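Just so you know, ligand 1 is whichever comes first in the structure, and atom 1 is the first atom listed for that ligand. In this text, all values refer to a predicted model and were calculated from it rather than measured experimentally.
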Amino acid sequence: LMVGMALLFFVLALWFSHRMARRAIIPIAKAYERQREFVADASHELRTPLSVVLTSIEALQLDADESNPFTNNVLKGMKDEVNAITRLTSELLQLARSDADEFVLERSSFQVKAAAESVIAKLLPAAQAKGMALKLQAPDELTVEWDRGKLTQLLVILIDNAIKYTLDGGDVHVILADKVEKGARFLTLDVRDNGMGIAPEALPRVFDRFYRQDKARTRQDGGHGLGLAIAKNLVDAAHGTIQVESQQGVGSTFRVRISV
Ligand code: ADP
């Protein structure tokens, strides 16, 4: 009888704790979903007023008297801040959307070299301003069946970082290649810089949201620590991998591998 009672008690305790756990989990999931929706809605709603403010600042800049450096400096400062907030809201919106499993790959056949060339053309002025070279290595005829917009986004995040975190005069190498392993085809994208590198203790955290190795410096560069989190979300959703190898003072290599 004692054994039977103990067994009954055990089964009841198990059932009760399972019930409690389920009760606790559902509100957490709901609260998380509400928070995600709030972030998505808030960042979406902020976009229109921000673009109105930006246009107004640009109108004032056109109208400003060149002989008044104070007004011009204030307007420039305002424009930089509005641009930083605009970028932050669009990054938050993007993260909130990818959290909601709204991820869909829009596949089409395209040449990866041409896609990389257009990203490089867009980022070249920022590199040239620092006396840096952007070098691309990709087979001319390499065509993949993937999402050109998402590959462009990955390239922008990684090349933009490579430029930001490299001192004047450095180089950025972008290398694209395909590989067939056990009948499956992969595209690898390497972005290599000879910049400041990442400290060993910071390496596991660079893909975390809002993580910045050097807060003062990155704030000045307009970064919010969301670029690599977005890149990782995107690559994870596409069942690919993203990795980093880095040595402080020597440089960093980010490698993306996706199935194409
Ligand atoms: P941020 O907007 O700050 O650039 P990211 O998520 O793109 O945000 O990067 C997170 C942090 O990782 C950066 O603040 C920087 O400290 C580090 N990092 C990213 N890319 C590089 C790189 N190529 N070289 C050195 N550090 C990097």
With a heavy-atom distance limit of 4.0 Å, tell me whether [X] approaches ligand 1 through its side chain, its backbone, both, or neither.
| X | result |
| --- | --- |
| Ile198 | side chain |
| Lys164 | side chain |
| Leu226 | backbone |

Next item on the list: Please state whether Ser252 comes within less than 4.0 angstrom of ligand 1, counting heavy atoms only.
Entry: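 In this structure, Ser252 qualifies as a contact of ligand 1 - some heavy atom is under 4.0 Å.
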Notebook entry, point to check: Heavy-atom contact under 4.0 Å between Phe254 and ligand 1?
Noted result: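 The answer is yes, since Phe254 has a heavy atom less than 4.0 Å from ligand 1.
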Margin query: As a test of understanding, state which of Asn72, Thr71, Asp65 forms a side chain to side chain donor-acceptor pair (under 3.5 Å) with Asn68.
Written below: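 Among the candidates, only Thr71 passes.
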[X], any N or O under 3.5 Å of ligand 1 N or O:
| X | answer |
| --- | --- |
| Met196 | no |
| Gly227 | yes |
| Gln213 | yes |

Check: Can you list every pair that meets salt bridge (Lys or Arg N to Asp or Glu O under 4.0 Å) and has a residue in residues 107-123, with sequence neighbours left out?
Finding: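 Applying salt bridge (Lys or Arg N to Asp or Glu O under 4.0 Å) to every pair that reaches into residues 107-123, excluding sequence neighbours, yields Lys113-Asp140.
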Notebook entry, point to check: Which pairs, with at least one residue in residues 40-57 and sequence neighbours excluded, count as a salt bridge (Lys or Arg N to Asp or Glu O under 4.0 Å)?
Noted result: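 Applying salt bridge (Lys or Arg N to Asp or Glu O under 4.0 Å) to every pair that reaches into residues 40-57, excluding sequence neighbours, yields nothing.
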Notebook entry, point to check: Ignoring hydrogens and geometry, is there a side-chain-to-backbone donor-acceptor pair from Thr143 to Glu141 under 3.5 Å?
Noted result: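 At least one qualifying donor-acceptor pair exists.
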Check: Among Ile163, Val174, Val191, Val119, whose side-chain contact (heavy atoms from CB on, under 4.5 Å) with Leu134 holds?
Finding: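 It is Ile163; the other options fail the test.
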Of all the atoms in ligand 1, which lie at a distance below 4.0 Å from a heavy atom belonging to [X]?
| X | result |
| --- | --- |
| Tyr211 | 10 (C), 11 (C) |
| His224 | 2 (O) |
| Gly225 | 1 (P), 2 (O), 3 (O), 6 (O), 8 (O) |

Next item on the list: Considering only NZ, NE, NH1 and NH2 on the basic side and carboxylate oxygens on the acidic side, decide whether Lys30 and Glu33 come within less than 4.0 Å.
Entry: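 Looking at Lys30 and Glu33, the cut-off is not met.
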Checklist line | Exercise: identify the closest heavy-atom pair between Leu226 and Leu88 | finding: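 Closest approach of Leu226 to Leu88, heavy atoms only: CD1-CD1, 3.7 Å.
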Next item on the list: Could you tell me whether Gln248 atom CD has more than 12 heavy atoms of other residues or ligands within 6.0 Å of it?
Entry: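 Yes, because the 6.0 Å sphere around CD of Gln248 holds more than 12 heavy atoms from other groups.
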